[in-house]
Amino acid sequence: MTVVTRFAPSPTGFLHIGGARTALFNWLYARRHGGRFLLRIEDTDRARSTEAAKQAILDGLDWLGLEWDGEPVYQSARAERHTAVARNLLDAGNAYRCYCSPEELVAMREAARKRGSGRLYDGTWRDRDPADAPKDVSPVVRLKAPLDGVTVVDDAVQGRVTVRNDQLDDMVLLRADGTPTYMLSVVVDDHDMDITHIVRGDDHLTNAFRQSLIYRAMGWAVPAFAHIPLIHGPDGAKLSKRHGALGVDAYRDMGFPAEAVCNYLARLGWSHGDDEIFSMAQATGWFDLEDIGKSPARFDLAKLTSLSAHYIRAMADDRLAGTVEPLIAGRLAGPLTDTQRARLIAGLPGLKERAKSLVDLADSALFYCRPRPLEADAKAAKLLDDSGKAKLALARNALAEVEEWTADSTEAAVRATADAAGEKLGRIAQPLRAALTGRTVSPGIFEVLGVLGKPESLGRIDDILDRTAA
RNA sequence: GACCCCAUCGUCUAGCCAGGUCAGGACGUCACCCUUUCAAGGUGAAGACACGGGUUCGAAUCCCGUUGGGGUCACCA
């Protein structure tokens with residue numbers, strides 16, 4: 001049997017981080033078994049579905065590298081098939097028309113709650129003579145669900161879950177206007193798409209009971225279920241807008257590499273022993289529904305950040321340059337010149353070692369690309385007081401003598417000067433850093449010197465020294 | 001309220017199913033080392049089996065209960 005999984009978002013918002021993980025698990029499972037991973041857009045709520053949201057979801061999946069097989073299925077396009085199934089059920093006596101008014105339903109629900117019953121609809125029209133039907137009311141179609149016994153879902157994550165059938169009432173299949181409900185559509189689509197494994201958030205666990213009732217009524221094979229725990233916010237409550245960034249696009253905008261987000265998400269709720277850092281190719285080789293935890297996990301930005309830093313450090317310079325260049329151009333309000341780009345690439349080894357995110361990286365790389373004279377930030381300016389400038393002058397003299405300009409040769413020159421002057425290297429290096437970068441924090445100062453080159457380096461130093469002279 | 005699910009360091013988790021480990025790792029935190037700043041790296045530290053009963057020679061592991069958390073209860077998806 002070929003494994004077929006699906007991700008079925010409704011396009012009412014952006015690709016939520018929890019949805020992204022659900023998609024990832026489905027993708028991983030399908031890839032692990034050489035199966036197919038399908039995408040279905042559940043756009044039957046026309047009022048809330050938007051084209052922009054659909055596109056955002058597709059973009060999000062694309063960014064994460066979760067390629068789906070074939071064309072996306074649009075649930076709204078399949079309404080006729082859904083109603084046909086409902087008619088089937090009706091003809092077979094497995095469903096019936098219900099003429100209750102919304103008011104009656106509300107009263108029923110309240111009464112049921114009051115007596116602590118789980119069955120919210122009392123089955124009024126279940127066995128009532130259709131001849132009693134009021135002429136002016138268009139009915140809904142309800143499933144004739146079993147009254148007693150139990151329904152069992154053997155969930156790959158949650159284990160065997162049993163619910164008494166008296167807790168399950170006769171759900172609506174077709175609304176009064178004849179449109180199918182979600183509960184019907186999902187089942188029909190999953191069946192028609194030959195889905196073998198339904199991996200989704202455990203907020204759907206109770207739906208699984210109702211849905212398996214529809215499968216049975218139709219005589220269809222029930223697919224395997226795997227209900228994965230939801231992701232919670234740092235406060236332990238369901239992840240929501242209150243917790244800040246929601247869509248994967250927000251994490252992309254924060255400068256987290258896609259592989260860091262995938263790695264983090266994969267590790268959230270799923271484990272392969274003590275493995276923490278792994279590629280999706282590795283995860284594909286390891287993934288199993290059995291290894292998904294049963295308890296909800298909290299979203300931890302600190303850990304994502306640490307993964308992000310790891311992947312940035314590991315990234316090849318040319319690829320990294322390509323992703324940060326637009327960010328830098330944005331900050332510079334113009335495209336990079338060849339010189340700026342060359343400095344950026346040369347400076348990347350020292351820069352990426354320190355970056356937590358791509359945004360971070362762009363900010364810290366800025367000084368390489370800024371034209372002279374540099375503006376020093378407050379802390380750097382403080383280092384460039386009279387005493388600092390004296391040290392800077394010392395360094396300038398030493399550097400001016402350097403012929404073969406490299407990180408090593410400039411270091412040798414500055415160290416020699418420091419020794420001769422009886423100064424600790426740091427006393428000279430910090431003013432130098434302030435002059436060269438405009439900041440107190442940067443990659444190794446000799447690396448900076450090497451990247452900048454002699455004329456630019458001396459120029460930046462002179463910008464500071466001359467300013468005082470004047 | 002009813003039904004369902006869950007419960008190991010602050011967080012993510014390994015270990016649980018097939019009882020016997022100093023309960024392991026990672027992130028974070030702290031200290032030290034390295035050091036031209038900041039990172040990275042290295043070393044080390046603090047830090048958990050929710051509680052109560054069983055079963056057993058022995059329980060994080062099996063059973064029951066309590067407490068706590070979460071989810072679902074629509075002619076939404």
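In what follows, chains carry the letters A, B, and so on, assigned in the order in which the sequence lines appear, proteins first and then strands, with residues in each chain numbered from 1.
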Asks: Quick check: does any side chain N or O of A/Trp270 sit under 3.5 Å from a backbone N or O of A/Leu265, one acting as donor and the other as acceptor?
Replies: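 No; judged by distance alone, with no hydrogens or angles, the pair does not exist.
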Asks: Ignoring backbone atoms, establish whether A/Lys294 has a side-chain N or O less than 4.0 Å from OP1 or OP2 of B/C5.
Replies: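 For B/C5, OP1/OP2 do not have a side-chain N/O of A/Lys294 under 4.0 Å.
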Asks: Identify whether any heavy atom of A/Gly269 sits under 4.0 Å from a base atom; if not, whether one sits that close to sugar-phosphate; answer base, sugar-phosphate or nothing.
Replies: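 Touches sugar-phosphate only.
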Asks: From B/C12, B/G28, B/A7, pick the nucleotide closest to the side chain of A/Ser295?
Replies: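 For the A/Ser295 side chain, the nearest candidate turns out to be B/A7.
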Asks: For B/A40 and A/Lys356 - does any side-chain N or O of the residue sit under 4.0 Å from the phosphate oxygens OP1/OP2?
Replies: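 Affirmative; the distance criterion is met.
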Asks: According to a strict under-4.0 Å criterion, is A/Thr181 in side-chain N/O contact with OP1 or OP2 of B/C75?
Replies: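 For B/C75, OP1/OP2 do not have a side-chain N/O of A/Thr181 under 4.0 Å.
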Asks: Counting only side-chain N and O atoms of A/Arg164, is one of them less than 4.0 Å from OP1 or OP2 of B/C3?
Replies: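 Checking B/C3 against A/Arg164, no side-chain N or O comes under 4.0 Å of OP1 or OP2.
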Asks: Give A/Ser306 one of three labels, base, sugar-phosphate or nothing, depending on what nucleic acid heavy atoms sit under 4.0 Å from its own.
Replies: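 Contact class for A/Ser306: sugar-phosphate only.
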Asks: Just by protein heavy atoms under 4.0 Å, how would nucleotides 61-72 of chain B read 5' to 3' in B, S and -?
Replies: ---------SBS
Asks: Provide, to the nearest angstrom, the distance between the CZ atom belonging to A/Arg40 and the P atom belonging to B/A77.
Replies: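 Going from CZ in A/Arg40 over to P in B/A77 covers 13 Å.
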Asks: Find the distance A/Ile292:CD1 to B/A14:P and express it as a whole number of Å.
Replies: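 That distance rounds to 11 Å.
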Asks: What string of B, S and - do you get for nucleotides 19-24 of chain B, 5' to 3', if B is base contact, S is sugar-phosphate-only contact and - is no contact with any protein heavy atom under 4.0 Å?
Replies: -----B
